[in-house]
Amino acid sequence: MIIAIDGPSGAGKSTLGKMLAKEFGLLYLDTGAMYRAAALAVIKKGVSLEDREKVAEIAENAKIELVGEPDSMQVLLDGEDVSAEIRTPDVATAASVVSTISDVRKIMVDHQRAIGESAAKGCVLEGRDIGSVVFPNADIKFFLTAKPEARARRRFAEDQAKGRATSYEKTLDEINKRDERDVSRSDSPLTIPQNATVIDTSELELNDVFELMILKVKALAAGSTAG
Ligand code: DC
């Protein structure tokens with residue numbers, strides 16, 4: 001079973017994706033973490049994000065691995081644990097630039113398909129182009145969204161809890177800029193995939209969204225055994 005979760009940053013994709021993966025014993029793949037790791041590789045090499053050819057070459061040669069259980073997943077870049085380093089606002093911004101490069105996207109998409117297809121029981125993948133490009137035939141597609149202010153509030157609270165220095169205004173500004181880049185890029189822009197269930201999480205509690213998602217998955221499982 002392939003479950004695709006797409007949507008803008010801060011809509012709850014990661015938290016809910018992990019919860020779903022655990023609930024149904026599926027592999028969890030955070031595809032944004034892969035773009036972040038590629039961006040970090042570029043930063044570490046001191047290469048300009050404007051140099052698209054070099055950036056693609058670095059992404060191609062970087063060894064990016066996601067290992068462990070959903071809650072304790074580690075992101076390895078060339079064998080080094082970069083799980084914390086890829087979560088900084090600078091890397092987030094760099095990832096949104098790197099992810100506009102088609103050659104980078106091709107490498108990431110191939111990698112994501114291979115991981116999803118080889119997962120024994122199935123996989124929950126979350127990102128921006130999962131239901132539209134990576135797995136257009138996914139069994140279930142969710143599109144999670146929320147107002148920018150709600151997403152900025154959540155991201156800011158998360159950053160504060162982790163001791164990262166930032167402000168709500170700065171977080172909102174970054175979210176707006178990333179949204180703009182995600183929806184306006186020419187290759188695989190963030191869109192609502194065909195047949196996706198759209199959930200606006202602005203006013204909903206996490207568990208209410210989770211219940212909605214579980215119902216969808218159970219309905220699919222019941223349908224496939226009934227036939
Ligand atoms: O979900 P995230 O914030 O960790 O993603 C980091 C960046 O990567 C974000 O700007 C959008 C991009 N991304 C993408 O283009 N396609 C994906 N499937 C996942 C993330």
Side-chain angles (χ1 to χ4, degrees), residues 1-38 64-71 73 75 95-96 99-100 102 104-146 151 179 182-183 185-201 204 206-227:
M1 178 192 296
I2 296 287
I3 301 180
I5 308 179
D6 291 297
S9 129
K13 299 187 305 291
S14 295
T15 308
L16 287 153
K18 285 177 191 172
M19 288 165 79
L20 269 190
K22 276 198 292 184
E23 178 78 19
F24 296 103
L26 306 173
L27 185 73
Y28 165 72
L29 187 61
D30 172 0
T31 64
M34 297 171 67
Y35 287 95
R36 284 170 182 261
I64 298 168
E65 298 165 282
L66 275 61
V67 296
E69 296 300 310
D71 281 336
M73 204 190 66
V75 181
S96 87
S99 67
T100 62
S102 291
V104 172
R105 300 203 70 85
K106 273 194 211 102
I107 297 157
M108 296 296 155
V109 168
D110 283 351
H111 197 168
Q112 290 154 13
R113 283 193 188 128
I115 295 171
E117 279 160 8
S118 64
K121 282 190 70 183
C123 189
V124 177
L125 296 96
E126 59 109 332
R128 304 293 191 290
D129 59 343
I130 309 301
S132 55
V133 175
V134 184
F135 282 106
N137 297 322
D139 299 284
I140 305 183
K141 298 180 189 179
F142 292 107
F143 188 87
L144 299 184
T145 186
R151 293 188 277 123
D179 281 0
D182 288 351
V183 299
R185 67 172 174 238
S186 55
D187 188 347
S188 319
L190 174 65
T191 49
I192 300 177
Q194 253 188 335
N195 306 323
T197 299
V198 180
I199 307 176
D200 185 328
T201 68
L204 294 174
L206 190 69
N207 276 324
D208 296 335
V209 183
F210 187 46
E211 283 304 314
L212 286 174
M213 295 173 93
I214 284 187
L215 284 177
K216 270 271 164 200
V217 180
K218 287 193 172 154
L220 178 92
S224 62
T225 52

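- A donor-acceptor pair under 3.5 Å is absent between the side-chain atoms of Thr15 and the main chain of Gly12, judged by distance alone.
- Qualifying side chain to side chain donor-acceptor pair (under 3.5 Å) partners for Thr197, counting only residues two or more places apart in sequence or in other chains: none.
- Atom OG of Ser132 sits about 8.0 Å away from atom CG of Leu190, to the nearest 0.5 Å.
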Val198 vs Ile192, test: side-chain contact (heavy atoms from CB on, under 4.5 Å). Steps then yes/no. CA-CA 8 Å; Val198 180; Ile192 300 177; 3.7 Å; yes
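- Asp182 is listed as a side-chain neighbour of Ser96, based on a closest heavy-atom distance under 4.5 Å.
- Residues Thr145 and Asp200 bring no donor and acceptor atom of their side chains to less than 3.5 Å of each other.
- Side-chain contact between Leu29 and Met73 is absent, with no heavy-atom pair separated by less than 4.5 Å.
- A salt bridge does not link Arg128 to Asp6: none of the charged nitrogens lies less than 4.0 Å from a carboxylate oxygen.
- By the 4.5 Å heavy-atom criterion applied to side chains, Thr31 and Arg36 are not counted as neighbours.
- Applying the side chain to side chain donor-acceptor pair (under 3.5 Å) criterion to Arg151, with sequence neighbours excluded, gives Asp179.
- For the atom pair SG of Cys123 and CZ of Arg113, the computed distance is 13.5 Å after rounding to the nearest 0.5 Å.
- Remark: Asn195 engages no residue in a side chain to side chain contact (heavy atoms under 4.5 Å, CB included) (not counting sequence neighbours).
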Could you tabulate the donor-acceptor pairs under 3.5 Å formed by side-chain atoms of residues 20-28, not counting sequence neighbours?
| unit_1 | atom_1 | unit_2 | atom_2 | d |
| --- | --- | --- | --- | --- |
| Lys22 | NZ | Asp71 | OD2 | 2.4 |
| Tyr28 | OH | Glu126 | OE2 | 2.9 |

I'd like a table of donor-acceptor pairs (distance under 3.5 Å, sequence neighbours excluded) in which one partner is a side-chain atom from residues 209-221, with atom names and distances.
none

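- Salt bridge annotation for Arg105-Asp129: present, with a cationic side-chain nitrogen under 4.0 angstrom from a carboxylate oxygen.
- Nearest approach of Val75 to Ala37, heavy atoms of both residues: CG1-CB, 4.1 Å.
- Separating the CD1 atom in Ile115 from the CG atom in Asp110 is a distance of 11.0 Å, to the nearest 0.5 Å.
- A pairwise comparison of heavy atoms in Leu125 and Gln112 identifies CD2-O, 4.1 Å as the closest pair.
- Without hydrogens or angle criteria, Thr201 side chain to Ala146 main chain gives no donor-acceptor distance under 3.5 Å.
- Atom CD of Glu69 sits in a sparse spot, with 12 or fewer heavy atoms from other residues, nucleotides or ligands closer than 6.0 Å.
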I'd like a table of donor-acceptor pairs (distance under 3.5 Å, sequence neighbours excluded) in which one partner is a side-chain atom from residues 136-144, with atom names and distances.
| unit_1 | atom_1 | unit_2 | atom_2 | d |
| --- | --- | --- | --- | --- |
| Asp139 | OD2 | Ile2 | N | 2.6 |
| Lys141 | NZ | Gly131 | O | 3.1 |
| Lys141 | NZ | Pro136 | O | 2.8 |
| Lys141 | NZ | Gln194 | O | 3.2 |

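- Nearest heavy atom pair, residue Arg185 against residue Ser99, reads NH1-OG, 3.3 Å.
- Note that CE of Met1 and NZ of Lys121 are 9.0 Å apart. Values are rounded to the nearest 0.5 Å.
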